[in-house]
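For reference, the structure discussed in these notes is given below.
Heads up: numbering here begins at 1 and tracks the sequence. Order of listing sets the numbers, starting from 1, for every ligand and every atom in it. Side chains are part of it too, since the values below use all heavy atoms of this structure and drop only hydrogens, waters and symmetry mates. Small disclaimer: the values here were computed from a predicted structure and weren't measured.
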Amino acid sequence: MNRRLGVLISGRGSNLQSIIDAVRQGRLEATVAVVVSNRADAAGLDRAREAGIETRVISPRDFADRDSCDRAIVELLEARDVALVCLAGYMRLVGAPLLKAFEDRMLNIHPSLLPSFPGLHPQRQALAHGVRVSGATVHLVTSELDGGPIVKQVAVPVRDDDTEETLAARILVEEHRIYPEAIQTLLDGGWSIDGRRWVPGGTRGRHA
Ligand code: GRF
């Protein structure tokens, strides 16, 4: 696969920033070709503009249904020759057209040790459950919410006095480290999918 990334965001964009920084510092051999947001007010758009990266707002409000919105995203990503899509705080469910166009070529990062605590407010879910360890997971995106093959995972301790905010901040530090690493791993190729598992070794990702 080529090494052109499309990053989809909805908000703050700190993971986008970690990708931009890793590319700049040569830790991630890739180019961020385009950043797409479903919201015009996403702070991450400014981060992309500051880095000289093309940005585009594709809002579901401008489309009749999810599929036509997703088709517009696919059209843009394909026009920019994107090989790998990275969801980075993209707060929308990915529909069939996007899933199909980028099957096994779309990553997401989630702030929990999946399969624990998928969906919204994973840090709040972790605290409510009283787990002693949580973390972050980078996984391939499938039709199952936060349920695709796990590429990289890191554990983070949960402290007795944690709030949702303190736990989120501790996890975020690790997110910023593992997301660029996972992207590099996928782009390097030489992996495969075995059932629901992502496994190193194999021929996937070597050719686009
Ligand atoms: C991160 O915690 C990410 O794991 C989750 O949403 C948050 C996005 O933060 N999917 P940011 O926009 O990257 O700062």
> For R196, does the CZ atom sit with more than 12 other heavy atoms under 6.0 Å from it, leaving out its own atoms?
Replying inline: no

>> Do S10 and N38 pair up side chain to side chain, a donor and an acceptor below 3.5 Å, judged on atom types alone?
In response: yes

>> Looking at Q125 and P118, would you say the former's side chain and the latter's main chain have a donor-acceptor pair under 3.5 Å?
In response: yes

>> Assess whether a salt bridge exists between R47 and E50, defined as any Lys/Arg side-chain N lying under 4.0 Å from an Asp/Glu carboxylate O.
In response: no

>> Test your reading of the model: is there a side-chain donor-acceptor pair from W191 to the backbone of G202, 3.5 Å cut-off?
In response: no

Tabulate distances under 3.5 Å between N/O atoms of ligand 1 and N/O atoms of the protein, writing both atom names on each line.
residue, atom, partner, partner atom, Å
ligand 1, 2 (O), E175, OE1, 3.2
ligand 1, 2 (O), E175, OE2, 3.0
ligand 1, 4 (O), I109, O, 3.3
ligand 1, 4 (O), E175, OE1, 2.6
ligand 1, 4 (O), E175, OE2, 3.4
ligand 1, 9 (O), R12, NH2, 3.1
ligand 1, 10 (N), I109, O, 3.0
ligand 1, 12 (O), G13, N, 2.8
ligand 1, 13 (O), S14, N, 3.3
ligand 1, 13 (O), N15, N, 2.9
ligand 1, 13 (O), N15, ND2, 3.0
ligand 1, 14 (O), R12, NE, 2.5
ligand 1, 14 (O), R12, NH2, 3.2
ligand 1, 14 (O), S14, N, 2.8
ligand 1, 14 (O), S14, OG, 2.6

> Does the gap between the ring centers of F117 and H129 come in under 6.0 Å?
Replying inline: yes

